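The next block holds one structure in the form of structure tokens; read it before the comments.
If you're wondering where the values come from, they're calculated on a predicted model, not measured in any experiment.
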Amino acid sequence: MDIMNIVYAVAVLGILGAVFGLLLAVASKVFEVKKDPREEAILSHLAGANCGGCGFPGCAGCAAAILAGNAPVNACAPAGAENAAAIAAIMGQEAPSGERQVAFVRCNGGTNAKKRFEYIGVKDCISATKVAGSPLECAFGCLGFGSCVAACQFGAMSIGPNGCAVVDPDKCTNCGACMSACPRKLIVPVPASKKVHVTCANRDKGKAAMSVCSNSCIGCGLCQKECKKDAIHVENGVAVIDYEKCVGCKLCTKVCPRDAILPAATAEEKEKYKAIKKAQAEKAAAAAKAKAEA
């Protein structure tokens, strides 16, 4: 009798399991959410790093956003131009054009920036800003605790020998993670082919900027005056380059008294350029004098 009860119980459970399984199978078909096959195709062309640089929750979120029209086909910077073009084809759009961008840190202060106090705490830039406004005298400088380095999933960020964050342009994908991680918003995208950059974001007046960092831009305007292409201007107290106009002649680097423009000119290069300018001025003066006497 006991054995029969067990058999019946097993049989009932088996039947119930089969019925509920059938019901679940029917329900899954009835309530199935149709997924656009393009979403999987788009996802296959994303970087797969789930870095969050696109602003969406992982690559799946980015693919869904692109499909919904809430993100551009090149939203995933690490995927590169080739994959962006493939995604554009999937979406029936034209491939995006434009030069590859890389991140750049607008600061070269580091050990050259004056400190208000020695910070001892969590090695994180955001945490450092919470302590009396930050340990630096400069309110615009890189704190050097590596929040950007921790955020980068591609090994493109590091803290340089002078204690300031630097970018390896060959590894950078311009995903934007480091830009979001920097509490002072010092990291910006620049064209990968451009080599002349202003390494300062300090908007203080000349004397004030000079007092907090030996590498700070003081807004003197010599670079703006020297540029033959109208590609650099002092805006809000700091030099800013118009990359569409910049031809990389480096004249601005030769007249910057603070070496705040990369690639910084050597003392020899600066003296040579001064000599050239002096010779040109003397020649122009002689020509003007000869014309006046004629």
Atom CZ of R100 with >12 non-hydrogen neighbours under 6.0 angstrom: yes
Any side-chain donor near an acceptor of the partner, N108 and N162, under 3.5 Å: yes
Flag side-chain contact, heavy atom, 4.5 Å: Y243 against H197: yes
Residue pair C175 / P78, side-chain heavy-atom distance below 4.5 Å: yes
E269 side-chain N/O to T266 backbone N/O, donor-acceptor pair under 3.5 Å: yes
I120, CD1: over 12 other non-hydrogen atoms inside 6.0 angstrom: no
Same cluster (ILVMFWY, side-chain, under 4.5 Å), V190 and L186: no
Side-chain (N74) to main-chain (A84) donor-acceptor, under 3.5 angstrom: no
Residue pair A260 / S216: nearest heavy atoms and the distance that separates them: CB-C, 4.3 Å
Single-linkage hydrophobic cluster F104~V198, side-chain heavy atoms < 4.5 angstrom: yes
Greater than 12 external heavy atoms within 6.0 Å of K205's NZ: no
ILVMFWY cluster, V166 and L262 together (side-chain gap under 4.5 Å): no
Side chain to side chain contact (heavy atoms under 4.5 Å, CB included) evaluation trace for D204 with F140: CA-CA 9 Å; D204 289 337; F140 305 90; 3.6 Å; yes
Exceeds 12 heavy-atom contacts within 6.0 angstrom, atom NZ of K283: no
Nearest non-hydrogen partners of I159 and G144, listed with the distance: CD1-O, 3.8 Å
Beyond-backbone contact of V196 with P263, side-chain heavy atoms, under 4.5 angstrom: yes
Side-chain donor or acceptor of E99 paired with backbone N/O of S193 under 3.5 Å: yes
Considering only distance and modelled atom types, tabulate donor-acceptor pairs under 3.5 Å from the side chains of residues 122-135, sequence neighbours left out.
| residue | atom | partner | partner atom | Å |
| --- | --- | --- | --- | --- |
| D124 | OD1 | S147 | OG | 2.8 |
| D124 | OD2 | I126 | N | 3.1 |
| D124 | OD2 | S127 | N | 3.0 |
| D124 | OD2 | S127 | OG | 3.3 |
| T129 | OG1 | I126 | O | 2.6 |
| S134 | OG | L136 | N | 3.3 |
| S134 | OG | R184 | NH2 | 2.8 |

Inter-residue atom distance Q224.CD - E235.CD, 0.5 Å rounding: 8.5 Å
Linked, directly or transitively: F154 and V149 (ILVMFWY side chains, under 4.5 Å): no
Reported NE2-to-NZ distance for the pair H233 and K225, which is rounded to 0.5 angstrom: 14.5 Å
Gap between atom SG of C138 and atom CG of N202 - 0.5 Å precision: 4.0 Å
Closest heavy-atom pair and its distance - V102, P169: CG1-O, 3.8 Å
Minimum side-chain heavy-atom gap H45-I90 below 4.5 Å: yes
Closest non-hydrogen atom pair, K270 against K254: CG-O, 3.5 Å
Stepwise side chain to side chain donor-acceptor pair (under 3.5 Å) test for Y273 and E226: CA-CA 12 Å; Y273 188 65; E226 198 65 24; 2.3 Å; yes
Shortest non-hydrogen separation from M179 to A103 and the atoms involved: CE-CB, 4.0 Å
Whether over 12 other heavy atoms sit under 6.0 Å from K250 NZ: no
Between CD1 on residue I187 and SG on residue C148, distance to nearest 0.5 Å: 4.5 Å
Heavy-atom side-chain proximity of R258 to T199 below 4.5 angstrom: no
Check: G176 main-chain N/O paired with S180 side-chain donor or acceptor under 3.5 Å: yes
Steps toward side chain to side chain contact (heavy atoms under 4.5 Å, CB included) verdict (L67, M91): CA-CA 7 Å; L67 185 63; M91 293 295 292; 4.0 Å; yes
Test side chain to side chain contact (heavy atoms under 4.5 Å, CB included) applied to C59 and L43, step by step: CA-CA 7 Å; C59 293; L43 185 60; 3.7 Å; yes
Straight-line distance of M210 CE to I218 CD1, nearest 0.5 Å: 4.0 Å
Any L251 side-chain heavy atom under 4.5 Å of C227 side chain: no
Side chain to side chain contact (heavy atoms under 4.5 Å, CB included) evaluation trace for C76 with N83: CA-CA 9 Å; C76 178; N83 282 306; over 6 Å; no
Heavy-atom side-chain contact between N215 and C200 under 4.5 Å: no
Pairwise distance CD1(I241) to SG(C246) - rounded to 0.5 angstrom: 5.5 Å
Residue pair A165 / M157: nearest heavy atoms and the distance that separates them: CB-CE, 4.1 Å
Whether over 12 other heavy atoms sit under 6.0 Å from E244 CD: no
Within one Ile-Leu-Val-Met-Phe-Trp-Tyr cluster: V234 and I232, side-chain cutoff 4.5 Å: no
